[in-house]
Amino acid sequence: MTTPDLTPAPHRYTSALAGEIEQRWQDRWAADGTFEAPNPVGDLAGDVAGDKYFIMDMFPYPSGAGLHVGHPLGYIATDVVGRYRRMRGDNVLHALGYDAFGLPAEIHAVQTGEHPRTNTESNIANMRRQLRRLGLAHDPRRSFATIDPDFMRWTQWIFVQIFESWYDEEQGRARPISELRAEYESGARTAPDGTAWGDLTPIERSVLIDSVRLAYVDESPVNWCPGLGTVLANEEVTAEGRSERGNFPVFTRNLRQWKMRITAYSDRLIDDLDRMDWPESVKNMQRNWIGRSHGARISFPVDGLATPIDVFTTRPDTIFGATYMVLAPEHDLVDQLTAEAWPDDTPRPWTNSAETPTEAVAAYRAMAAAKTDLERQENKEKTGVFTGAYAVNPVNGAEIPVFIADYVLTGYGTGAIMAVPGGDERDHEFAETYGLPIIHTVQAPEGFDGGAWTGQGKVINSANDELSLDGMEIDEAKAAVISWLQLHGAGEGTTTYRLRDWLFSRQRYWGEPFPIVYDEADQPIALPDSMLPVELPEVPDYSPKTYEPEDAGSNPEPPLARVPEWVNVELDLGDGPKMYRRETNTMPNWAGSSWYELRYTDPHNPDRITDPENERYWLGPREAGDTGGVDLYVGGVEHAVLHLLYARFWHKVLFDLGHVSSEEPFRKLFNQGYIQAYAYTDDRGSYVPADQVEEKLDDAGHPTYWFNGAQVNREYGKMGKSLKNVVTPDEMYDAYGADTFRVYEMSMGPLDVSRPWETRAVVGAQRFLQRVWRLLVDEETGELLADNSELDAATLHVLNVTIDGVRGDMHDMRFNTAVAKLIELTNHLTKAGVRSRAAVEPLVLMLAPLAPHLGEELWSRLGHAESLTHEPFPVADPAHLTSASVTCVVQVLGKVRGKIEVSPDISDEELTALALAEPNVVRSIDGREIRKVIVRAPKLVSIVV
RNA sequence: GCCGGGUUGGCGGAAUGGUAGACGCGACGGUCUCAAAAACCGUUGUCCGCAAGGGCGUGCGGGUUCGAGUCCCGCACCCGGCACCA
């Protein structure tokens, strides 16, 4: 990879010289604290003049494999933005921390016996070294890792805040539990069943309180992954029912686990998306994930049953077409309503050939329970069985049969539906299978061939004595039927969500311990601030108990439970020293990243997560209605619903509790694309080293690929060790220098688009920087070549057009076109032999955000003692944006037939005359009658004949 | 199936409705050199033509317009997300 620089000119900008320049400037920046950003108050307080700009990268997990050239793409981009902003006069906060809890370090620990902290810290050190060599303008004082005890302390502190809060639906915000307790004690509030606080036992009181906490322990169906030995959040399970990490099967098990009540924030999490500058795709993914749907809850009474069946539907307007009902097999009411015997005339297929409904239901339930989620998904054929019971349709008194079927899911809505085969494809399919009546309640367009009509139309077949929906549009009918149902106590308008509460405990070692202990009554108690952080104990074995991936019946067993001397602890929590039992689960590795944006703003504050003044300065709303948050957050799209949803949730809780002034953590989000790579396999399917593959053209001119004389197959995808196609930044530093590497990555294409890495193309960026260097420095003597000559008109024009364009490109993060414009300017200066300071100084300043070391070096050789970090970015002179002459295109019938050089302020008449006189235009018109002439002086004349 | 995004030379890509292919890689030719590399200069969408010039060309089919890669309608394919969510 290393290109030997064989005796070039002694002062040529080679990789060796670039490396020397780069490391020298990196040392100087570090020594001078060039990129330290002052805070309004606290230990980092300083002069905060000018506007502020807070930039963040999605912080990295420090992998043992080190970086490949794809990783720094986003970091370079944010660095360019930050450097540009500094030159615009902003106080720029840009730092990088490390998301250091996580599975790989734990797996490494299990394999080697080395403590995960040791391994993680050496990985961080290696990554810091690789990134320092890139020349990133970070404030090093603000870096941290989530495993630092000081950081962990605040992660645990936030957990306690959430644990000590509840969601007040009336006020639409989280409030401290202490306020709820006060309302109970004062009698302002009674338990949901009406019991007064004074009549409850202490245990009943804490159960009541615990039931509304935003962080709570709950026994409910969770995703149990025996292969990983831990439970997982819904967001960590793929659509195929496997773990996102490791791709192990996931089973639904009823287990006692910690959860976070993120569902309380469903509406705000959806609604506030509209106020943020995020890619529409990510907003949509979050909307999708939360899955809000408006509809109605409707009660269908059942003969001889006190409790009606409640259903959720988004189409209450179709209720007159409800011809049967379906409950999920797991629904609570199934046992109660299943009849003793089949009613007379029960069609044979409804019974599944069972003697009694009880038997049929039991058999069906057993079969449904044996299916995994995946099997349920794969087989979409509608099956079900009749319960023997009938319910009454509240709008028309019709008796309709009640089935159980696994196409109705227990976890969504009420776990029961009214089935409308005329208006729902799934219901229609089921109705066809079981011979159920089909009533259409919306007029389908002519030519509709039956089946379920789900589109728009006028309502039909929908009337009772008091209510007629017939002739209404769907929306109108929905409103009408909801108010009728409400009047008759049979239902109400309501909203349901797909989002489930966030499963927050993991059975792993390498995560934050919970700041929770249990008392003798097994009630969870939050530890006081003074006892934070709770640090991880040393353990004999880091691994959780893992199982055969398919062992669905296994049970989670966290590693911390194996340290009884840590688990059982004597503490004084206010009523004297007592024995307590520690929570042995750990937090998921999303915990630290759910709030880290706050810590950058005040990284060493010993008393608070961040001082309110620092938070308000860096994150606060800029104007009324603004959510506040980080000014620019750059990262991959893979965190669209995981990290980005969790972080928004925590931020909103902290906002509600008054700890922050911003409503959202990230005001503007930008998803960078990925750098992909080619990989090559031989005829046995093994990967061969990509950097030794040769490209040859075959007879047809198509490229073919060869390794060791044998043809190999090319595939396109990720960069990875096992694919033998990794290219590291270190290799690029050695071969070209960091600036060349930076310029190449920024010039490859738009930042949000993925693109293939091509090592051989990097040289283009180096040639460009060498041309800039050669413009200013004599390659033989090292002498400065810049002079003080006046600029000619053409150069003035090119220079100002470039300045104008580059400014716009920088602002919009179009670095690829910014680089192209700088190359054009450089090529112009080279060709014209212009070395005037009036041209090269702006060029150096504009290049500096992209190639900062070269920029500083040239700036200093130009005689400036200070770093150019805060030097104003060049501003175009409008007087020179127009040139002395422009090329006017003459079109005949829309085709370009001639070009004429004209003055930019030529009149329409004059231009038309010149255009009509152009010889080739005359020939094209060929004597035909001119019907119309469109003139857009000075650039275009279009002639219609 | 639903929701997003995309499709431009050999390759990465550029183009406020107004010269399609900026800039870069590669390829080809040249300068320098004993030679090679590096560097520098030039050519490079495609077809016809000695040239002047002309035909064709931004996934496909229509439309709007003096003029469409760009706007509208329909379709194909690719990528990402969701999916028996009532």
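Protein chains get the first letters and strands the later ones, always in sequence-line order, with residue 1 at the start of each.
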Rounding to an integer number of angstrom, what distance separates [N] and [M] when you compare their [atom1] atoms?
{"N": "B/G4", "M": "B/C48", "atom1": "P", "value": "46 Å"}
{"N": "B/C73", "M": "B/C78", "atom1": "P", "value": "23 Å"}
{"N": "B/C56", "M": "B/G67", "atom1": "P", "value": "15 Å"}
{"N": "B/G18", "M": "B/U44", "atom1": "C1'", "value": "26 Å"}
{"N": "B/G12", "M": "B/A22", "atom1": "P", "value": "15 Å"}
{"N": "B/A39", "M": "B/C50", "atom1": "C1'", "value": "36 Å"}
{"N": "B/A76", "M": "B/C60", "atom1": "C1'", "value": "7 Å"}
{"N": "B/G17", "M": "B/U70", "atom1": "C1'", "value": "7 Å"}

Nearest whole Å is fine: how far is [N] [atom2] from [X] [atom1]?
{"X": "A/E280", "N": "B/G81", "atom1": "CD", "atom2": "C1'", "result": "14 Å"}
{"X": "A/F430", "N": "B/A86", "atom1": "CZ", "atom2": "C1'", "result": "14 Å"}
{"X": "A/R814", "N": "B/U16", "atom1": "CZ", "atom2": "P", "result": "8 Å"}
{"X": "A/Y744", "N": "B/G13", "atom1": "OH", "atom2": "C1'", "result": "11 Å"}
{"X": "A/Y412", "N": "B/A83", "atom1": "OH", "atom2": "C1'", "result": "12 Å"}
{"X": "A/D752", "N": "B/G6", "atom1": "CG", "atom2": "P", "result": "9 Å"}
{"X": "A/R931", "N": "B/U65", "atom1": "CZ", "atom2": "C1'", "result": "14 Å"}
{"X": "A/R12", "N": "B/A39", "atom1": "CZ", "atom2": "P", "result": "7 Å"}

At under 4.0 Å between heavy atoms, what does [X] touch on the DNA or RNA strands: base, sugar-phosphate, or nothing?
{"X": "A/T496", "result": "nothing"}
{"X": "A/V637", "result": "nothing"}
{"X": "A/P279", "result": "nothing"}
{"X": "A/A820", "result": "base"}
{"X": "A/V889", "result": "base"}
{"X": "A/R767", "result": "sugar-phosphate"}
{"X": "A/R771", "result": "sugar-phosphate"}
{"X": "A/R500", "result": "nothing"}
{"X": "A/S942", "result": "base"}
{"X": "A/D427", "result": "nothing"}

Short side-chain N/O contact from [X] to OP1 or OP2 of [N], under 4.0 Å:
{"X": "A/K283", "N": "B/G5", "result": "no"}
{"X": "A/K932", "N": "B/C66", "result": "yes"}
{"X": "A/N816", "N": "B/C23", "result": "no"}
{"X": "A/S293", "N": "B/A86", "result": "yes"}
{"X": "A/R287", "N": "B/C82", "result": "no"}
{"X": "A/N671", "N": "B/G81", "result": "no"}

Original post:
Just checking, A/K382 and A/Y407: is the charged tip under 6.0 Å from the six-membered ring centre and within 45° of the axis?
Top reply: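 Positive - A/K382 is close enough to the ring of A/Y407 and near enough to its axis.
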Subject >> Test: A/R648 cationic atom under 6.0 Å from A/W278 six-membered ring centre, within 45° of axis >> reply: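 Geometry flag: set, cation within 6.0 Å and 45°.
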Original post:
Is a donor-acceptor contact shorter than 3.5 angstrom present between the side chain of A/Q891 and the base of B/G18?
Top reply: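 Counting by modelled atom types and ignoring angles, a donor-acceptor contact under 3.5 Å is found here.
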Original post:
With a 3.5 Å cut-off and just heavy-atom distances, do the side chain of A/K382 and the base of B/C84 make a donor-acceptor pair?
Top reply: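 Check passes, donor-acceptor contact within cut-off.
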Subject >> In B/G61, glycosidic geometry as syn within 90° of 0 or anti otherwise >> reply: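 The base of B/G61 is oriented anti (glycosidic angle more than 90° from 0).
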Where the side chain of [X] is defined as all heavy atoms beyond and including C-beta, which of [options] is the nearest nucleotide?
{"X": "A/R897", "options": "B/A38, B/C82, B/G54", "result": "B/G54"}
{"X": "A/V763", "options": "B/G26, B/A86, B/G81", "result": "B/G26"}
{"X": "A/N284", "options": "B/A86, B/G4, B/G13", "result": "B/G4"}
{"X": "A/I934", "options": "B/U19, B/C23, B/G18", "result": "B/G18"}
{"X": "A/I823", "options": "B/C3, B/A86, B/C23", "result": "B/C23"}
{"X": "A/Y407", "options": "B/G80, B/C84, B/G42", "result": "B/C84"}

For the pair [X] (side chain) and [Y] (backbone), establish whether a donor and an acceptor sit closer than 3.5 Å, ignoring hydrogens and angles.
{"X": "A/W453", "Y": "A/Q456", "value": "yes"}
{"X": "A/N671", "Y": "A/G635", "value": "yes"}
{"X": "A/E918", "Y": "A/N920", "value": "yes"}
{"X": "A/K283", "Y": "A/L273", "value": "yes"}

Strictly by Watson-Crick or wobble contacts shorter than 3.5 Å, is anything paired with [N], and which nucleotide is it?
{"N": "B/C75", "result": "B/G59"}
{"N": "B/A22", "result": "none"}
{"N": "B/G17", "result": "none"}
{"N": "B/G1", "result": "B/C82"}
{"N": "B/C34", "result": "none"}
{"N": "B/G53", "result": "B/C48"}
{"N": "B/U64", "result": "none"}
{"N": "B/U43", "result": "B/A27"}

Original post:
Relative to the 5' end of RNA chain B, which residue comes earlier, A/N920 or A/K899, by the nucleotide with the nearest heavy atom?
Top reply: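 The residue closer to the strand's 5' end, by nearest nucleotide, is A/K899.
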Subject >> Residue met sooner reading RNA chain B from 5', once A/R760 and A/E779 are mapped to nucleotides >> reply: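 The 5'-side residue here is A/R760.
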Subject >> A/D908: partners by salt bridge (Lys or Arg N to Asp or Glu O under 4.0 Å), with sequence neighbours left out >> reply: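 Residues passing salt bridge (Lys or Arg N to Asp or Glu O under 4.0 Å) with A/D908: none at all.
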**OP:** Before accepting this row, confirm whether a basic side-chain N of the pair A/R315/A/D317 lies closer than 4.0 Å to the acidic partner's carboxylate O.
**Re:**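 Counted as a salt bridge, because a side-chain N and a carboxylate O are separated by less than 4.0 Å.
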**OP:** Identify whether the distance between the nearest side-chain nitrogen and carboxylate oxygen of A/D804 and A/K821 falls below 4.0 Å.
**Re:**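 Salt bridge between A/D804 and A/K821, a charged N being under 4.0 Å from a carboxylate O: no.
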**OP:** Might you point out which heavy atoms bring A/V637 and A/Y674 nearest each other, and give the distance in Å?
**Re:**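 Looking at all heavy atoms of both residues, the closest pair is N-OH, 3.4 Å.
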